[in-house]
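Here's the structure, in structure tokens; my notes come after.
Below, chain A is the first sequence line, B the second, and so on; all start at residue 1. Computed from a predicted model, the values in this text were never measured in an experiment.
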Amino acid sequence: MKNNRLLLILVLALMALTLSACGGRVPTATWPGLAADGENAYLANGTTLYAIRISDGEQVWAFSSDEKSTFYANPAFTSDGQLLIGSTGNDRTFYRINPELNPDVENPQPTVTWSFNDAKDHWVATPLVVGEIVYAPNADGNIYIFDLSITGENKLVDTVELGGKLWAKPATDGERIFVASLDHHLHIIDMKTLAVDTVVLGGAVNGTPAIQDGKAYIGSFDSALIAINAADGSVDWTTPVNSWIWGGPLLVDGVLYFGDLEGNFYMLNAADGQAKLDSIQPDGAILASPILVDGKIVFVTENGTVYMLEVGSNSPVSLEKLEAKIYTDPVLAGDLILVAPFQDETSLLVALDKEGKQAWSFTPKK
Amino acid sequence: MSPWDLFVSIFVNSLLWIYNLIGQNFGVAIILFTILIRVVTWPLNGAQLKSAKAMQDLQNDKDYQAIQKKYAKDKEKLAQEQMRIYKEKGINPFSSCLPTLIQLPVIFALYQSVTRSLASTPLALLQLTRSIGSFLDVNALIPLNSKFLWMDLGRPEGIPLPFEVSFLSNGFPTLAIVVAITTYVQTKLTTPPSTNPNDQSAAMTGMMAIYMPLLLGWFALTFPSGLAVYFITSNLLGIAQYAMMGRANWRNLLPGGNKTATK
């Protein structure tokens with residue numbers, strides 16, 4: 001009888017284990033977040049936030065919260081050089097972290113200088129920092145507005161309820177905040193009054209809008225790039241493309257650069273949405289936003305290739321092909337292009353020079 | 001795509017098809033999907049119940065009890081004799097387990113399909129878009145409405161408490177309690193009475209009546225509440241099926257009901 005009881009408990013425990021292994025409580029596996037200041041790159045990868053020295057790729061520190069929070073948003077920087085990053089997991093804490101280490105302490109760790117944990121869902125979006133004010137979108141549909149100049153723990157000055165899941169970093173033109181949402185909306189918030197003007201779009205939006213000359217340019221999951229007049233929220237033009245647009249467009253000299261999930265890279269005139277040049281077909285889907293490097297466009301594909309494109313050309317050069325998928329936006333850090341491969345067993349971060357030569361790759365210290 | 005991924009993908013597509021059909025209510029979609037699964041597995045569950053009843057009856061069979069006494073110290077001979085009786089009476093001792101084993105992958109796949117459909121991370125959303133058939137307009141479906149009654153189906157359920165309880169971080173776990181109760185009720189209702197004090201099968205069922213509600217209650221407490229909606233619907237349908245087959249043993253629900261029934 002004792003054997004039967006033991007067998008039953010073992011079977012049930014195995015069942016529990018199997019179900020737990022089938023994805024966990026909250027699916028936390030996704031691609032890493034990345035940001036860099038003049039000295040370090042900061043990689044949000046799973047339960048660890050790494051600081052990596054840009055000059056040589058050495059690990060400066062690795063931060064994990066007591067609650068084993070998961071990080072995958074791109075970190076943002078405060079005006080005094082501290083890091084802001086939200087987490088997912090059970091506690092869903094939004095952290096401000098001082099990256100400076102105390103040299104007088106053995107095994108120094110970065111310090112959490114403030115935290116906020118009243119949000120109801122994950123922090124996927126990168127917060128927008130304007131001076132001392134932080135606009136932090138959460139997947140619970142709220143924008144939490146913090147004033148970091150306030151002393152004490154309660155820095156929350158307002159909450160703007162927008163609804164839907166907010167995964168994209170907001171953009172600003174200095175007067176308004178532009179917040180895209182997965183529930184097919186672009187919200188335009190007046191920074192002074194916090195009045196909200198909502199534009200209904202044809203699909204979910206996950207990318208950060210590009211803002212210039214009173215217009216917001218945004219790509220959506222209904223396979224279109226849309227120009228919206230910031231003043232009244234009216235649609236200026238809509239250009240259909242072949243597939244979903246995941247990342248936000250890059251606007252350089254009046255031309256919008258962006259990719260789609262089918263693996264096309266587009267160059268549209270911002271003025272009228274017409275193609276500046278024929279689209280390019282690199283080697284895979286494009287989810288990350290392109291970046292500008294010395295006047296050239298750098299973009300990455302899901303298949304792991306880093307491309308560089310001269311402005312005015314539609315013949316990109318392959319800088320490097322990694323043996324891993326790339327979803328994270330590349331980051332320019334000094335003279336290096338930082339690329340965070342997804343689920344690469346050998347390195348979490350790769351630094352390339354502008355010719356595509358690998359300067360270093362980062363593997364965490366064990 | 002691995003065979004398992006394909007299996008889960010069928011679940012995801014079915015769930016989202018129902019979700020789209022009924023006006024984008026994910027809670028109702030889960031309930032309807034559970035009913036569909038129950039209908040498909042109805043013959044299996046019926047067979048399981050009949051088989052369990054046959055095994056239970058066998059425990060009260062005099063020949064069966066006699067060989068158990070006779071070969072109590074010779075396990076090998078006992079096993080041979082038991083197999084002989086199973087053969088004579090046309091009982092397959094594993095047929096009561098088989099439907100349960102078949103349902104396990106269904107539970108796992110449903111759990112994965114709920115979490116995949118609700119896509120709470122960018123990667124999950126990307127995977128979802130690539131696993132949905134062309135018969136569904138994915139763009140129109142995203143993001144899924146995960147709200148159902150007071151719940152967010154992508155998160156563990158809990159009704160906020162006016163005070164803080166450290167081990168109830170999500171609030172009062174109403175659904176987990178309902179899952180535990182309905183699982184208990186279902187298990188007790190399907191326990192046939194036994195007159196044999198040495199009936200190991202009845203003892204095992206008794207243990208299951210304790211452990212299964214605790215296990216499923218724990219699942220409901222910690223996993224997305226969409227899974228708890230599945231458990232409750234499945235349990236209620238199970239109870240209804242047993243009642244319709246005239247097999248429900250309602251007296252088992254009363255304290256000492258099992259003993260009363262055995263007199």
*Between B:Leu214 and chain A, which part of the residue has a heavy atom less than 4.5 Å away: side chain, backbone, both or neither?*
neither
*Run the salt-bridge test on A:Arg92 and A:Asp118 with the 4.0 Å N-O cut-off and return the result as yes or no.*
no
*Side chain, backbone, both or neither: which part of A:Ala139 has a non-hydrogen atom closer than 4.5 Å to chain B?*
neither
*Interface moiety of B:Ala109 toward chain A, non-hydrogen atoms closer than 4.5 Å*: neither
*Got a salt bridge between B:Asp5 and B:Arg116, using NZ or NE/NH1/NH2 to carboxylate O under 4.0 Å?*
yes
*Using non-hydrogen atoms only, which part of B:Val138 is less than 4.5 Å away from chain A: side chain, backbone, both, or neither?*
both
*Please answer whether the main-chain N or O of B:Trp218 pairs with a side-chain N or O of B:Thr222 as donor and acceptor at a distance below 3.5 Å.*
yes
*Would you call B:Arg130 and A:Glu302 a salt bridge, using N to O less than 4.0 angstrom?*
yes
